[in-house]
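Some notes on the structure that comes next.
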Protein chains: 2
Amino acid sequence: MPRPSEPTRERIIQAASALFYNEGIRRVSVDEVAAKAGLTKRTLYYHFRSKDDLVAAYLAARDQPNLAVFRKWFDETEGGVPVKIEAIFRNLARSARHPKWKGCGFLRTSAELANMPGHPAIRIGAAHKKKFEDWLRATFAAEGIADPLQLARQILLLLDGSFAVVLLHRDASYMETAGEAARSLIEMALVGRRGRRC
Amino acid sequence: MPRPSEPTRERIIQAASALFYNEGIRRVSVDEVAAKAGLTKRTLYYHFRSKDDLVAAYLAARDQPNLAVFRKWFDETEGGVPVKIEAIFRNLARSARHPKWKGCGFLRTSAELANMPGHPAIRIGAAHKKKFEDWLRATFAAEGIADPLQLARQILLLLDGSFAVVLLHRDASYMETAGEAARSLIEMALVGRRGRRC
DNA sequence: TTGTGTATATTCACTGGTTAGTATACATAC
DNA sequence: GTATGTATACTAACCAGTGAATATACACAA
């Protein structure tokens, strides 16, 4: 089967994704990934230059799907922007209650590789979060909010904070608390939109 | 030197602390910790039952000092509670600009050990964050805020979010953004304190 | 149609290094 | 002479990456 190169590469990324997300980067060996993908380590090294490359590919494969889910949750919720953003947190809480949930793969990888600041996987994670931040910023700008970037960053901080806190305490209700804080901040910014006063 | 058992144990924890915080848990070997402490691995295993034990001791040693720093930053700042809390974030931003800063040791450990939910180190991390949350709750309760626990958790989410985001982007200004969000939320809660209306 | 060269894809078996934890013995202090 | 504390030397497993060989598909020539 020399020709169909893509399915093999895809299969390796799927295997790596499951293992790296569930057990962490350094805890998973290249042999384990290869075994899970149903091939040998040597074949894996034909498709990826190094383990670091594979880690980067694992995160790159999660970039678009993750963003798409957030947008979907936003779009499918009826109501104003505060409610639609809060819905993202509520849906996230629902995910986080599944026993296999283990936080945000991007953040956990950046925590585990904190001593390698230039690592390709960290750059991919940073770019991913920037994309989400920019989507929030554009959403708030369309609402006429005065400082949409500042608000976008505050919501992002609440979101990533809830990933960290829920992972530590294994208590998904923190995500709903974060969602309420996010709604408050957005509503406050909307009220101040036209310089209204009490 | 058989007698002075405490200094040896202390020295091991100091060495472990520096290495685990800077490089992560799984990246640091017990041999490295022993070497940094100036003794052999066998001696280390006389004082600690296992590497997991040592990791737990590393976090336990950071519990009280960390909380003390936050309280100090709060106490030494002039002004109301919103400003005093914001000062914590500003001081944290200052720390985070030092090149050796690598986020919150508790959160990074919980991210790295996410597949071992009952690990003693994770329990110590969770207890640490609960103590901070409770200190915030008591502080807000003393101000007569209606739901002090909810507000405490929102501030905690912003704090831990800023640890995660700043570690990923290496941009400490997110901490100041989080501080402004925290101040907004507290001020909003203070205004609503007596059920005031516009 | 058939033979053949070449790029693609895969495997087996290995290297050199690391790692958590231990068996045993030795030293010091009281 | 016994508790405590330290060191040497070891085990058994693991792990990232590689050398050398092999198998398949396809393009092109005879």
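Letters go in sequence order (proteins before strands), and every chain restarts at 1.
The shortest non-hydrogen separation linking B:Ala34 to B:Leu44 is N-CD1, 3.9 Å.
Across all strands shown, D:dA3 forms no Watson-Crick or G-U wobble pair with both key distances under 3.5 Å. C:dT28 makes up no base pair with any nucleotide shown, lacking Watson-Crick or G-U wobble contacts both under 3.5 Å.
Between the side chains of B:Tyr174 and A:Gln154, not a single donor N or O lies within less than 3.5 Å of an accepting N or O.
The distance from atom CG of B:Leu44 to atom C1' of C:dT19 is 14 Å, rounded to the nearest whole Å.
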- Per-nucleotide protein contact string for nucleotides 12-19 of chain D (B base, S sugar-phosphate only, - none; heavy atom under 4.0 Å): ---SBBBB
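The side-chain heavy atoms of B:Met116 and B:Ser110, taken from C-beta on, include no pair separated by under 4.5 Å.
The ring of A:Trp135 has its center no closer than 6.0 angstrom to the ring center of A:Phe70.
Dashed line: the shortest gap from a side-chain N or O of B:Tyr46 to OP1 or OP2 of D:dG5 is under 4.0 Å. Considering only side-chain N and O atoms, A:His47 lies nowhere under 4.0 angstrom from the phosphate OP1 or OP2 of C:dT8. Proximity of A:Thr43 to the phosphate of C:dT11: a side-chain N or O atom is located under 4.0 Å from OP1 or OP2.
Ring geometry, B:Phe163 versus B:Trp101: the interplanar angle falls under 30°, so the pair is classed parallel (tilted spans 30 to 60°).
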Donor-acceptor pairs under 3.5 Å, side chain of residues 52-62 of chain B to any protein atom, not counting sequence neighbours: which ones?
residue, atom, partner, partner atom, Å
B:Asp52, OD1, B:His119, NE2, 2.9
B:Arg62, NE, B:Ser17, OG, 3.4

